[in-house]
Structures are given as C-alpha cells and as structure tokens.
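Structure record follows, encoded as structure tokens.
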Amino acid sequence: MISRLGLIALMYCCLSSAQAEIIYDQSRNRSIPIEVSYPVQKTSCQPQQPCSVAFLSAGYGVPHTHYQFLTKQLIELGYLVIAIGHELAGDPALSVTGDLFATRSENWHRGATTLNFLRNELQPRFSHYDFNNLLLIGHSNGGDISAWLGNEGKPYIKSIITLDHRRVPLPRSASIKVLSIRASDFPADKGVLPSEREMSRDGSCVITIPKAKHNDMSDQGPQWLKSRINSVVKLFLQSQSCPN
C-alpha cells in the first residue's frame with residue numbers, strides 16, 4: 001500500500017520526468033547532450049498560453065545533470081528546463097593562465113553559439129513553450145556563456161541568472177532582467193558586475209550569500225546554500241525585480 005506522501009512523490013516523478021537527448025549540430029559536427037525536464041503542471045502549457053523556458057548551463061567540469069536542485073525549483077515554477085552539456089571530448093581545455101578573458105573567449109563564444117542553435121532547433125518541437133522569452137541560467141563558466149549570449153543582442157532573451165560567474169560582463173540593458181548570485185570566496189573581474197547606478201537604472205540585481213563557496217553552487221553543495229539560492233531565484237522570477 002502506497003502512503004499519501006509516497007503517492008505524491010510518485011505523481012511528482014511522473015510529471016517531471018527528465019529526458020536525456022543528444023542534439024546534433026551538423027554545421028559544426030557537434031553532438032550536444034541535453035536533459036529536458038518538464039513543468040510539474042505541464043498540462044497547463046498550450047500554444048495559446050505557452051509556458052516559460054530556461055536554458056541551464058553548468059560550470060566547467062560539472063556535469064549538466066548536477067543542478068537538480070535548481071531544475072526542481074524551476075519546473076515547480078512552470079518552466080521547461082533544458083540543461084546543456086557544453087564541454088565535449090576533444091574540446092580545448094579551459095585556459096588557467098594569461099589574460100583569461102582573451103584566452104577563454106573561444107569557449108564562451110562556442111557555448112553561446114550552442115545556446116542559439118538549441119533555441120532554433122528545439123522551438124519547433126515544443127510548440128507549448130515560449131522560446132521567445134528565454135531565461136538563461138548558468139553557474140561559473142556556464143554563467144559566462146549565458147552573459148556572452150546576453151551581450152549579443154538576441155531579442156529572445158528575457159532574463160539571465162548567474163551563479164558566481166566571474167569573467168564576462170553582464171548585459172547593461174533594461175530589456176534583460178539580470179540577477180547574479182555571488183559566493184564569498186572569489187571576486188568577479190572588474191566590470192563584470194553592474195554598478196549601483198546601473199542596477200538602479202536597469203533593474204538588475206547582485207546578491208552575495210555570506211559563507212557561500214563558488215564550487216558549492218551545484219548539487220554537491222550544502223543544503224542550506226541550495227535552499228538559499230532557490231529562495232532568491234524564486235523571488236526574482238516571481239517579481240522580476242531584485243529580492244530584498
């Protein structure tokens with residue numbers, strides 16, 4: 001006999017089951033791994049009232065499937081979540097010396113190209129979802145990739161959330177709502193984060209979580225940190241403004 005809690009868990013699992021896929025980009029001969037997670041209430045998503053879409057990009061060296069705490073939060077909020085594996089075998093290693101902005105730009109540009117490709121490739125398949133108002137969310141290097149695409153002026157980007165990305169300047173535009181959640185152990189490079197004046201002008205938001213560590217912002221991190229991140233993300237997405 002299944003308990004009430006067990007039945008709820010079973011229903012939740014069935015409604016939000018994830019689907020692993022490989023999407024092939026013929027123009028670049030690139031096989032891109034993704035994981036698709038559907039909104040808990042996906043039956044409410046219709047072509048006339050499409051549900052929101054989030055592209056989730058992992059930190060360098062972290063599997064794209066290791067952000068389930070964020071994915072579960074987003075599907076509860078009604079998002080279709082596409083988690084994307086950017087680093088493939090044969091890709092150049094991410095540089096760790098020299099001018100990192102210059103030496104890592106190839107990685108960020110490649111990742112941004114992947115996001116744009118996936119948006120164009122998946123949109124016709126998911127007619128019940130809104131690919132014209134995307135949320136880009138990324139941790140560390142995945143946040144740099146998201147910010148890079150955000151700076152390309154694509155009209156389909158509605159909002160960007162980064163988890164302690166450190167290299168690529170965030171978009172300075174009132175048309176893209178920006179939230180950057182910061183850890184406490186490493187600073188961002190100069191010019192990456194908006195100034196107080198820019199935040200006031202554009203409605204962007206920077207929140208630092210005390211005692212949070214850069215490498216803990218994935219499923220491997222402590223529960224208190226994951227809960228805090230989810231709380232800030234939820235408030236931001238529900239209000240499209242900076243949470244107190």
Side-chain angles (χ1 to χ4, degrees), residues 12-58 63-68 70-91 106-139 141-162 171 173 175-178 233 237 240:
Y12 182 89
C13 177
C14 293
L15 285 169
S16 60
S17 57
Q19 174 183 334
E21 293 188 44
I22 301 292
I23 306 295
Y24 182 62
D25 182 353
Q26 185 174 10
S27 67
R28 297 185 294 162
N29 189 28
R30 191 168 182 83
S31 298
I32 304 161
I34 66 171
E35 183 178 73
V36 181
S37 298
Y38 291 88
V40 171
Q41 301 294 335
K42 67 179 181 180
T43 55
S44 65
C45 305
Q46 300 296 330
Q48 298 79 12
Q49 292 183 311
C51 290
S52 300
V53 180
F55 278 8
L56 196 162
S57 297
H64 64 288
T65 55
H66 284 204
Y67 294 85
Q68 294 304 311
L70 263 178
T71 296
K72 289 177 181 178
Q73 173 75 91
L74 291 168
I75 64 175
E76 288 175 2
L77 293 173
Y79 281 80
L80 175 75
V81 180
I82 313 294
I84 300 142
H86 286 283
E87 316 305 332
L88 306 182
D91 287 346
E106 182 275 335
N107 179 286
W108 302 326
H109 180 265
R110 170 166 30 91
T113 300
T114 293
L115 295 179
N116 187 63
F117 164 77
L118 287 174
R119 183 260 178 184
N120 295 332
E121 184 75 11
L122 296 175
Q123 184 177 29
R125 282 180 47 190
F126 294 95
S127 60
H128 291 45
Y129 298 93
D130 186 2
F131 284 79
N132 291 319
N133 292 283
L134 276 182
L135 163 64
L136 305 181
I137 183 166
H139 171 220
N141 196 64
D144 287 318
I145 290 171
S146 300
W148 188 279
L149 182 61
N151 287 316
E152 290 187 354
K154 304 295 185 184
Y156 56 76
I157 300 173
K158 179 181 181 181
S159 49
I160 294 175
I161 298 175
T162 71
S173 171
S175 65
I176 300 178
K177 297 301 181 183
V178 170
V233 168
L237 292 178
Q240 285 296 301

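These values consider heavy atoms only, across backbone and side chains, with no hydrogens, waters or symmetry-generated copies.
Ser57 has its side chain out of reach of His64: every pair of non-hydrogen atoms, C-beta onward, lies at least 4.5 Å apart. In this structure, the side chains of Ser52 and Asp130 stay at 4.5 Å or more apart for every pair of heavy atoms. Side-chain contact between His66 and Thr71 is absent, with no heavy atoms from C-beta onward closer than 4.5 Å. For the pair Ile32 and Phe117, the minimum side-chain heavy-atom distance is below 4.5 Å. Side-chain contact between Trp108 and Leu149 is absent, with no heavy atoms from C-beta onward closer than 4.5 Å.
Lys72 has no carboxylate O lying under 4.0 Å from a charged side-chain N of Glu76, or vice versa, which leaves the two without a salt bridge. A salt bridge links Arg110 to Asp91: one of the charged nitrogens lies within less than 4.0 Å of a carboxylate oxygen.
Looking at residues two or more places apart in sequence or on another chain, you find a ring pair (Phe, Tyr, Trp, His ring centres under 6.0 Å) between His139 and Tyr67, His214. Residues satisfying the salt bridge (charged side-chain N to carboxylate O under 4.0 Å, His left out) test with Glu21, not counting sequence neighbours, are Arg125.
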Would Thr162 and Val178 count as a side-chain contact (heavy atoms from CB on, under 4.5 Å) here? Give the steps. CA-CA 8 Å; Thr162 71; Val178 170; over 6 Å; no
Check step by step if side-chain contact (heavy atoms from CB on, under 4.5 Å) holds for Lys42 and Ile75. CA-CA 9 Å; Lys42 67 179 181 180; Ile75 64 175; over 6 Å; no
Walk me through whether Leu135 and Leu74 qualify under side-chain contact (heavy atoms from CB on, under 4.5 Å). CA-CA 10 Å; Leu135 163 64; Leu74 291 168; 4.1 Å; yes
What verdict does the side-chain contact (heavy atoms from CB on, under 4.5 Å) test give for Leu122 and Ile23, after you've listed the backbone C-alpha separation in whole Å, the side-chain angles of each residue and the deciding distance to 0.1 Å? CA-CA 9 Å; Leu122 296 175; Ile23 306 295; 4.3 Å; yes
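To the nearest 0.5 Å, the span separating OG1 on Thr113 from CG on Leu118 amounts to 11.0 Å. Residue Leu115 holds its CG atom at 10.5 Å from CG of Leu56, rounded to the nearest 0.5 Å. Taking OH of Tyr38 as the reference point, atom CZ of Phe126 lies at 4.0 Å (rounded to 0.5 Å). Here the straight-line distance linking atom OG of Ser37 with atom CD1 of Ile82 works out to 8.0 Å at 0.5 Å rounding. To the nearest 0.5 Å, the span separating OG on Ser146 from CG on Leu134 amounts to 10.5 Å. Within the model, atoms CG of Leu237 and CD1 of Ile161 stand 4.5 Å from one another, a figure rounded to the nearest 0.5 Å.
In this structure, Ser159 and Ile176 approach most closely via the heavy-atom pair CA-CG2, 4.1 Å. Across all their heavy atoms, Ser31 and Ile22 have their closest contact at CB-CG2, 3.6 Å. Smallest separation of non-hydrogen atoms from Ala112 and Glu152: CB-OE2, 4.1 Å. The two atoms that bring Asn116 and Tyr156 nearest to each other are OD1-OH, 2.5 Å, heavy atoms only. Considering every non-hydrogen atom in both Leu80 and Pro39, the closest pair reads N-CG, 3.8 Å. The shortest heavy-atom contact between Leu88 and Pro33 is CD2-CD, 3.6 Å.
By the 30° and 60° cut-offs, the orientation of the rings of Trp148 relative to His109 is perpendicular. Relative orientation of the Phe131 and Phe55 rings is perpendicular, given thresholds of 30° and 60° on the angle between their planes.
Checked by atom type, the side-chain pair His86/Thr114 shows no donor-acceptor distance below 3.5 Å.
Remark: side-chain polar atoms of Gln46 are paired, donor with acceptor, to backbone N or O of Thr43 under 3.5 angstrom.
The local environment of CD in Gln49 is sparse, with at most 12 non-hydrogen atoms from other residues, nucleotides or ligands closer than 6.0 Å.
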